[in-house]
Asker: 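What follows is a structure written as structure tokens; I'll ask about it next.
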Amino acid sequence: MACFQRAVACALVLMSLFVGLSQAKDLLVGGKTDAWKIPSSESDSLNKWAEKARFLVGDSLAWKYDGQKDSVLQVTKEAYASCNTTSPIEEYKDGNTKVKLDRSGPFYFISGAEGHCEKGQKFVVLVLSQKHRHTGISPAPSPAEFEGGPAVAPTSSAYTLRGGFLVAFGVLVLGLILM
Ligand SMILES: *[C@@H]1O[C@H](CO)[C@@H](O)[C@H](O)[C@H]1NC(C)=O
């Protein structure tokens, strides 16, 4: 009996750890379809959205916008800071852009539309390596992991909160069953 209970407890704990933590995600930039535009206020900025989300290697960013009027430029840190649109790393203008976050570290995106970046249509995402997906409670990434990274503080995220909750739930179940 104890053996069976233990097996059930272990299964629940393992499930708690992996449910919701193992899927690569497509993340719609800004969380809604019309978000790729000049933000109406500071609190509406895409960096506010990016700070609340957690990005892991293998996830993808998706943009929906009018390809006649706007574009997405992936640029260097310097070009991001100065809104220099002349030589982007990548340029996307099909209106339905998807970019796979294929490495850890910072990715910088600005609008290619004249004057838009200067008015705040830009954002940085800090991509974490896959190992953060399986730790449940994610430690804050160390600066060394992001050489030349931006000075954005990684904040608590949906992943961290959910992972933390699930671990707590697993421990609770284990405790109850082994009591
Ligand atoms: C923009 O970037 C290009 C290429 O790196 C550089 O030649 C140019 O001087 C930059 N323009 C400004 C205004 O900084």
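Every number for a ligand or one of its atoms is a count from 1 in the order of the listing.
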Asker: Should Leu28 and Leu46 be counted in the same cluster of Ile, Leu, Val, Met, Phe, Trp and Tyr side chains packed under 4.5 Å apart?
Answerer: no
Asker: Determine which pairs satisfy ring-ring contact (aromatic ring centres under 6.0 Å, His included) with at least one residue from residues 77-97, sequence neighbours left out, and list them in order.
Answerer: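 Sorted pair list: Tyr80-Tyr108.
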Asker: How long is the span from the CG atom in Asp70 to the NZ atom in Lys93, to the nearest 0.5 Å?
Answerer: 12.0 Å
Asker: Ile38, Leu73: one ILVMFWY side-chain cluster at the under-4.5 Å cut-off?
Answerer: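 Unlinked, Ile38 and Leu73 end up in two clusters.
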Asker: Above 12 or not: heavy atoms from other molecules or residues under 6.0 Å from NZ of Lys69?
Answerer: no
Asker: What residues come within 4.0 Å of ligand 1, counting heavy atoms only?
Answerer: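 Residue list for ligand 1: Asn84, Thr86, Ser87.
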Asker: Can you say whether the rings of Trp36 and Phe123 are parallel (under 30°), tilted (30 to 60°) or perpendicular (over 60°)?
Answerer: perpendicular
